[in-house]
Amino acid sequence: GEVAMENEPETILSVRWLAIARLAWIAIAAIATGMFIAGISFGLDAYSRIGNFLTPELMQSLQAQGTSPQAFAILTVASLSIRPLQDFESLKYAGYAVASSPCDVPNRDSISCNGLSGFIWVAVGVLIFIRAQKNWFTLLISLTLVTFGTQNSLRGALLGAIPQLSPAGYLLTLISWGSLALFFSLFPNGKFVPRWIRWFALGFIFSFTLPEQIIVIPEAITGLIFFVFWVVSLSAQVYRYFRVSTSIERQQTKWVLFAFFILLMFFMPLVLLITINPTLKSSPQLLVIGNFIPIVIPISIGIAILRARLF
C-alpha cells in the first residue's frame, strides 16, 4: 500500500512561472467565457427559429414516433428553406441541443438556464483564481471550473453559426476534460494517487486528441470510455480517502465526494424515469433540475478550497 502523505506537496510556483501560468489562465478563461457569452445571442436566434416548430406537444409526438428533434430540424430546413445553406449547421445544432442537453427547452428560458448555470461555474473558478496565490494546483482547479462550466449548448450554438471557431472550441473541450482528468488524479494534494492513475489520465486525454479524419470512435465506445472515466476517477478518490489521505485531506475530499453523491442520487432516478417514460424529457421541471443540480460540484470544490483551506 501507499504510505500516508504528511508532507506538503510541491505545488508552489516560482515568481516567473507563476506569472506565465496566470497569463495562460487569463487567456484561456477569457476565450472560454467570451465564446460562452457570445453564444447567448446565437442560441437565442437558433432556438427562436427552432422553437417555432418544436413545441412541447410536437416533442412528445416526435419521441413517440422515434424521430429525434435533430432530424426534424434538418427536415424542416430542407423542406421549408427558411434560411440559406450557411445557417444549416446552426439549425442542426439547435435540434441536437434540444435532444441532448438537460435544460434545452426551445425557448428563452433554456438560454437563461444554461447561462445562469455556466456563470456560477465561472464565478467560483474566478474566486479560486484570485485566492490561488502561488499554487499551480489551485490554478488548475479554477481553470477546470471555468472551462467545464462554459462547455454547454451556448458555446455550441456559436460554433454552429461560425464554424471557423471550431478549432478554438475543440481546444477548449480538450482543456476542460483534460484538466478534469488531472483534477481527479491529483486532488486534494497535487500528487498522483494511486501512482498508475497518471497513465489513465494521460490515456483519457489522448483519446480527445485523435482527429476524426484518422479514427472515428463509435458512439457506444465513446459512452463506455466516459463511463470508465467516471468509475475509475471516483474510485481513485475513494481509495485515496481511505488509504492515503491525512485527516485534513479527508475533510477536503468529503466535499467533492458529497457533491457527486448528490448528483448520483438525483440523476439515477431521473434517467430511470426518462427511460420508462421518454415523454418526461420535455418536462420543464425535470429539465431545469437536471441542469442545475451539477452546480453542487463547483460549490463544493469552492468550499473545500476556500472554507476548508485546501491550500
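The structure presented is a predicted model; accordingly, all values stated were derived computationally and were not measured. Both backbone and side-chain heavy atoms feed into the values below; hydrogens, waters and symmetry mates do not.
Between M35 and A168, the shortest heavy-atom distance links the atoms SD-CB, 4.2 Å. Considering every non-hydrogen atom in both A181 and I205, the closest pair reads CB-CG1, 4.4 Å. Residues I128 and G302 approach most closely at CD1-CA, 4.1 Å, considering heavy atoms. Considering every non-hydrogen atom in both P188 and Q252, the closest pair reads CB-OE1, 3.8 Å.
Using a 4.5 Å cut-off on side-chain heavy atoms (C-beta onward), F183 and L140 make no contact. For the pair P298 and F148, the minimum side-chain heavy-atom distance is 4.5 Å or more. The closest side-chain heavy-atom distance from T150 to L172 is not below 4.5 Å. Side-chain contact between Q237 and T253 is present, with at least one heavy-atom pair separated by less than 4.5 Å. You'll find the side chain of I37 reaches within 4.5 Å of the side chain of F119, heavy atoms only. Taking 4.5 Å as the limit, some side-chain heavy atom of Q151 sits within range of a side-chain heavy atom of T173. Taking 4.5 Å as the limit, some side-chain heavy atom of F200 sits within range of a side-chain heavy atom of V228.
Of the inter-residue distances, the one linking R195 atom CZ with S185 atom OG reads 14.5 Å to the nearest 0.5 angstrom. To the nearest 0.5 Å, atom CD1 of residue I28 and atom OG of residue S179 are 9.0 Å apart. Atoms CG and OG, from N189 and S245 in turn, are 6.5 Å apart once rounded to the nearest 0.5 Å. Atom CH2 of W121 and atom CD1 of I295 lie 9.5 Å apart (nearest 0.5 Å). Atoms OG1 and CG, from T138 and L143 in turn, are 12.5 Å apart once rounded to the nearest 0.5 Å. The CD1 atom of I31 lies 12.0 Å from the OG1 atom of T147; values are rounded to the nearest 0.5 Å.
Just one residue in the list I141, T144, V124 forms a side-chain contact (heavy atoms from CB on, under 4.5 Å) with I301, and that residue is I141.
Between W177 and F226, a ring centre-to-centre spacing shorter than 6.0 Å is recorded.
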| query | For R240 and F187, what are the C-alpha separation, side-chain angles and deciding distance, and is it a side-chain contact (heavy atoms from CB on, under 4.5 Å)? | reply | CA-CA 9 Å; R240 182 195 289 263; F187 188 84; 5.8 Å; no
| task | With side-chain contact (heavy atoms from CB on, under 4.5 Å) as the test, would you mind laying out the steps for I12 and L18 before giving the verdict? | result | CA-CA 9 Å; I12 303 300; L18 177 64; over 6 Å; no
| For K254 and Y241, what are the C-alpha separation, side-chain angles and deciding distance, and is it a side-chain contact (heavy atoms from CB on, under 4.5 Å)? | CA-CA 9 Å; K254 282 181 182 179; Y241 179 87; 2.9 Å; yes
| task | Report the C-alpha separation of F192 and F184 in whole Å, then their side-chain angles, then the decisive distance to 0.1 Å, and conclude whether the ring pair (Phe, Tyr, Trp, His ring centres under 6.0 Å) test is met. | result | CA-CA 9 Å; F192 287 103; F184 280 113; over 10 Å; no
| request: Please lay out, stage by stage, how V232 and I197 fare under the test side-chain contact (heavy atoms from CB on, under 4.5 Å). | output: CA-CA 9 Å; V232 172; I197 197 70; 3.8 Å; yes
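Connection of L202 to W196 is not established within any shared hydrophobic cluster, with ILVMFWY side chains joined at heavy-atom distances below 4.5 Å, either directly or through further cluster members. Residues L174 and L186 share a hydrophobic cluster, clusters being chains of Ile/Leu/Val/Met/Phe/Trp/Tyr side chains in contact below 4.5 Å. In this structure, I297 is not a member of the same hydrophobic cluster as V238, with clusters built from ILVMFWY side-chain heavy atoms closer than 4.5 Å. Cluster membership for L234 and F242, using ILVMFWY side-chain heavy atoms within less than 4.5 angstrom, is not shared. Each of I299 and L257 belongs to its own hydrophobic cluster when Ile, Leu, Val, Met, Phe, Trp and Tyr are linked at side-chain heavy-atom distances under 4.5 angstrom.
Looking only at distances, a side-chain donor or acceptor of E249 sits under 3.5 Å from a matching main-chain atom of T246.
Taking the centre and axis of the six-membered ring of F129, the NZ or CZ atom of R22 falls inside the cone set by 45° and 6.0 Å.
Relative orientation of the W230 and F260 rings is tilted, given thresholds of 30° and 60° on the angle between their planes.
Side-chain N/O atoms of W25 and S142 include a donor and acceptor closer than 3.5 Å.
Other residues, nucleotides and ligands contribute only 12 or fewer heavy atoms inside 6.0 Å of the CH2 atom of W17.
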